[in-house]
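Computed from a predicted model, the values in this text were never measured in an experiment.
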Amino acid sequence: MSVSGFLDVRDLSVWYRVGSSEIRAVRDESFSMEKGEVLGIIGESGSGKSTLAKAILRAIRPPGRIGPQSKIFFKGKDLLAMKESEFRREVLWKLISYVPQASQNSLNNTMRVIDHFYDTAYSHGLSREEATERALNLLRTVRLDPERVAKAYPFQLSGGMKQRVLIALSLLLNPELVIMDEAVSSLDVATQKYLLEIIKDINKDMGTSIIFITHDIPVAAFISTKMIVMYAGEIVEEGRTEEIIKKPLHPYSNALMSSVPSIKGDLDRVRPIREGLPSTEGCLFSTRCDRVMESCKTQHPGISAFNGRRVRCFLYGTNKAG
């Protein structure tokens with residue numbers, strides 16, 4: 001099997017046991033990203049965005065499990081084939097780090113900010129002096145007063161400041177990829193924009209690749225260069241962010257874009273997404289789709305190339321009806 005690209009995910013599936021049955025949260029999905037990209041992953045709650053991220057980090061725990069056919073290659077090495085101890089020692093934080101959802105609650109209020117950096121540094125063999133120097137520089141990078149914030153306790157900081165501390169902490173060991181899960185969702189709009197500009201600078205100045213998971217389409221449009229749209233555990237569209245925002249192909253992508261009001265646009269054109277649960281047969285989106293065909297109700301579309309994108313719909317590519 002040839003492997004190309006920076007991150008290459010192949011046939012990834014994640015299952016969760018509920019009682020005597022199992023629910024598939026990610027459905028045999030494949031995608032890749034190149035070094036230096038900011039990949040935005042969008043979709044409604046429950047679409048599988050966070051589960052996909054946790055699978056890359058090998059953070060799926062019982063009652064969840066990763067399917068046996070799944071492969072996750074990072075710089076050519078299969079992460080899922082590594083021993084847990086090797087993954088934690090050689091990959092986690094050093095090559096790939098994580099800013100979790102509701103991450104402001106991840107800081108320990110009984111520890112000073114600098115002690116959070118020491119904990120991560122010690123587990124990877126950094127000296128106290130080196131950890132201190134890196135921590136202060138990174139706090140400065142995320143536009144915080146390093147001397148004051150390093151000595152502070154988390155409860156003494158605002159939500160935006162705590163979020164910036166966590167981003168700085170994720171960069172401590174110079175990882176090549178940072179996965180950010182809803183990193184700005186709990187912040188006010190002004191603080192969101194400020195933080196997103198910092199993240200853009202980190203990507204540009206440090207060359208750090210970023211997977212940015214969000215349900216907020218304007219945020220994804222601002223921060224990402226490439227976009228994946230997920231629905232019910234499936235990737236339904238993948239392509240350059242600007243193209244998907246301006247001209248979405250998949251009916252679900254189109255419904256998402258049409259549901260977002262704009263201060264410059266016509267509010268009469270804003271439409272809510274039709275309610276409904278994913279279909280149990282055929283296309284998962286067929287129960288909510290305004291372009292549904294008979295084939296959609298009985299056949300499940302694969303994902304195929306169309307005009308430089310990948311899209312899972314019978315309207316396009318090799319899936320196209322007729």
**Study point:** salt bridge (charged side-chain N to carboxylate O under 4.0 Å, His left out) assessment of Arg312 paired with Glu29
**Key:** CA-CA 11 Å; Arg312 187 185 300 278; Glu29 290 306 326; 3.0 Å; yes
Review point. Quick one: do the Asn137 and Arg134 side chains pair a donor with an acceptor below 3.5 Å?
Key: no
Check your understanding: How about Ile167 and Met180: do any of their side-chain heavy atoms sit closer than 4.5 Å?
Key -> yes
Review point. Is a side-chain donor or acceptor of Ser279 paired with a backbone partner of Gly282 at a separation under 3.5 angstrom?
Key: no
Study note, to complete from the structure: Nearest heavy-atom approach of Thr141 to Ile198 is O-CG2, 4.3 Å
Review point. Is there a donor-acceptor pair under 3.5 Å between the side chain of Arg164 and the backbone N or O of Leu139?
Key: no
Practice item. Quick one: closest heavy-atom pair of Val26 and Leu52, and the distance? Key: CG2-N, 4.1 Å
**Study point:** Check: Tyr153 main-chain N/O paired with Arg112 side-chain donor or acceptor under 3.5 Å
**Key:** no
Exercise for review: Could you tell me whether a side-chain N or O of Ser259 sits under 3.5 Å from a main-chain N or O of Leu256, the two making a donor and an acceptor?
Suggested key: yes
Check your understanding: Just by distance, do the side chain of Thr287 and the backbone of Leu277 share a donor-acceptor pair under 3.5 Å?
Key -> yes
Review point. If you look at every heavy atom in Ile42 and Met227, which pair is closest and at what distance?
Key: CD1-SD, 3.6 Å
Point to revise | Heavy-atom donor-acceptor pair, Glu37 side chain to Glu34 backbone, under 3.5 Å | key: yes
**Study point:** Evaluation steps, side-chain hydrogen bond (donor to acceptor under 3.5 Å, both in side chains), between Tyr122 and Ser127
**Key:** CA-CA 7 Å; Tyr122 293 162; Ser127 68; over 6 Å; no
Review point. Taking atom CD of Glu44 and atom NZ of Lys49, what is their separation to the nearest 0.5 Å?
Key: 8.5 Å
**Study point:** Full working for side chain to side chain contact (heavy atoms under 4.5 Å, CB included) between Val9 and Leu7
**Key:** CA-CA 7 Å; Val9 176; Leu7 175 69; 4.2 Å; yes
Review point. Once you round to the nearest 0.5 Å, how far does CD1 of Ile244 lie from CZ of Arg240?
Key: 9.5 Å
**Study point:** Distance-only polar pair, side chains of Thr241 and Ser224, donor-acceptor under 3.5 Å
**Key:** yes
Check your understanding: Looking only at atom types and distance, does a side-chain atom of Ser47 sit under 3.5 Å from a main-chain N or O of Tyr231, one as donor and one as acceptor?
Key -> no
Practice item. Determine whether the side chains of Glu234 and Tyr252 contain a donor N or O and an acceptor N or O closer than 3.5 Å. Key: no
Check your understanding: Are Arg58 and Glu84 close enough for a salt bridge, meaning some N to O gap below 4.0 Å?
Key -> yes
Check your understanding: Looking at CD1 of Ile96 and CZ of Phe74, how far apart are the two atoms once the value is rounded to the nearest 0.5 Å?
Key -> 4.5 Å
Check your understanding: If you take all heavy atoms of Val236 and Ser253, which pair is closest and at what distance?
Key -> CG2-OG, 4.4 Å
Exercise for review: Using a 4.5 Å cut-off on heavy atoms from C-beta on, say whether the side chain of Val184 contacts that of Phe212.
Suggested key: yes
Exercise for review: Decide whether Glu182 and His215 meet the rule of one side-chain donor and one side-chain acceptor closer than 3.5 Å.
Suggested key: yes
Review point. According to a 4.5 Å side-chain heavy-atom criterion applied to Ile, Leu, Val, Met, Phe, Trp and Tyr, with indirect links allowed, do Val229 and Val292 form part of one hydrophobic cluster?
Key: no
Check your understanding: Does a donor on one side chain and an acceptor on the other come within less than 3.5 Å for Asn108 and Thr110?
Key -> yes
Exercise for review: Spell out, yes or no, whether Tyr118 and Leu136 are grouped together once hydrophobic residues are joined by side-chain heavy atoms under 4.5 Å, including indirect joins.
Suggested key: no
Check your understanding: Distance only, no hydrogens: is a donor on one side chain within 3.5 Å (strictly under) of an acceptor on the other, for Tyr316 and Arg309?
Key -> no
Practice item. Could you walk me through whether Lys77 and Glu90 pass salt bridge (charged side-chain N to carboxylate O under 4.0 Å, His left out), step by step? Key: CA-CA 12 Å; Lys77 191 164 188 178; Glu90 301 297 333; over 6 Å; no
**Study point:** Pair Gln69-Asp28, side-chain donor/acceptor within less than 3.5 Å
**Key:** yes
Point to revise | Step-by-step salt bridge (charged side-chain N to carboxylate O under 4.0 Å, His left out) determination, Lys297 to Glu281 | key: CA-CA 6 Å; Lys297 299 175 182 178; Glu281 295 182 8; over 6 Å; no
Point to revise | No-hydrogen, no-angle side-chain donor-acceptor test under 3.5 Å, Thr208 and Glu176 | key: no
**Study point:** Smallest separation among heavy atoms of Leu187 and Gly160, with atom names
**Key:** CD2-N, 3.8 Å
Practice item. Measure the spacing between CE of Met33 and CD1 of Ile228 and express it to the nearest 0.5 Å. Key: 9.0 Å
Practice item. Evaluate whether atom CD of Glu133 has more than 12 neighbouring non-hydrogen atoms of other residues, nucleotides or ligands under 6.0 angstrom away. Key: no
Exercise for review: Apply side chain to side chain contact (heavy atoms under 4.5 Å, CB included) to Ile217 and Ile245, showing your working.
Suggested key: CA-CA 9 Å; Ile217 296 167; Ile245 294 293; 3.8 Å; yes
Point to revise | Working for side-chain hydrogen bond (donor to acceptor under 3.5 Å, both in side chains), residues Asp8 and Ser32 | key: CA-CA 4 Å; Asp8 201 338; Ser32 63; 5.1 Å; no
Practice item. Kindly say whether Tyr16 contributes a backbone atom to a donor-acceptor pair with the side chain of Glu22 at under 3.5 angstrom? Key: no
Point to revise | Pair Lys247 + Glu242: basic N to acidic O under 4.0 Å | key: no
**Study point:** Inter-residue atom distance Leu166.CG - Leu107.CG, 0.5 Å rounding
**Key:** 4.0 Å
Review point. Just by distance, do the side chain of Asp181 and the backbone of Val99 share a donor-acceptor pair under 3.5 Å?
Key: no
Exercise for review: Apply side chain to side chain contact (heavy atoms under 4.5 Å, CB included) to the pair Leu39 and Ile210, showing each step before the final yes or no.
Suggested key: CA-CA 6 Å; Leu39 172 63; Ile210 297 168; over 6 Å; no
Point to revise | Arg143 CZ: over 12 foreign heavy atoms closer than 6.0 Å | key: yes
Practice item. State yes or no: do Trp15 and Leu12 share one hydrophobic cluster built from I, L, V, M, F, W and Y residues joined by side-chain heavy-atom distances below 4.5 Å, directly or via other members? Key: no
Exercise for review: Carefully, step by step, assess Ile60 and Arg65 under the rule side chain to side chain contact (heavy atoms under 4.5 Å, CB included).
Suggested key: CA-CA 6 Å; Ile60 302 296; Arg65 66 178 179 88; 5.5 Å; no
Practice item. Specify the closest pair of heavy atoms between Ser97 and Pro175, including all atoms of both residues, with the distance to one decimal. Key: OG-CG, 3.5 Å
Check your understanding: Which value, rounded to the nearest 0.5 Å, describes the distance between Arg88 atom CZ and Lys83 atom NZ?
Key -> 16.0 Å
Review point. Does Lys162 count as lying over the ring of Phe155, i.e. NZ or CZ under 6.0 Å from the six-ring centre, within 45 degrees of the axis?
Key: no
Point to revise | N-O pairing of Arg10 and Asp78 below 4.0 Å | key: no
Practice item. Check whether any side-chain N or O of Thr132 sits under 3.5 Å from a backbone N or O of Arg128 as a donor-acceptor pair, and report yes or no. Key: yes
Check your understanding: Will you find, in the side chains of Ser70 and Asp11, an N or O donor that is under 3.5 Å from an N or O acceptor?
Key -> no
Review point. Side-chain heavy atoms under 4.5 angstrom apart, residues restricted to Ile, Leu, Val, Met, Phe, Trp, Tyr: same cluster for Met82 and Leu80?
Key: yes
Practice item. Please name the residue in the list Glu243, Glu237, Glu238 that meets the salt bridge (Lys or Arg N to Asp or Glu O under 4.0 Å) test with Lys226. Key: Glu238
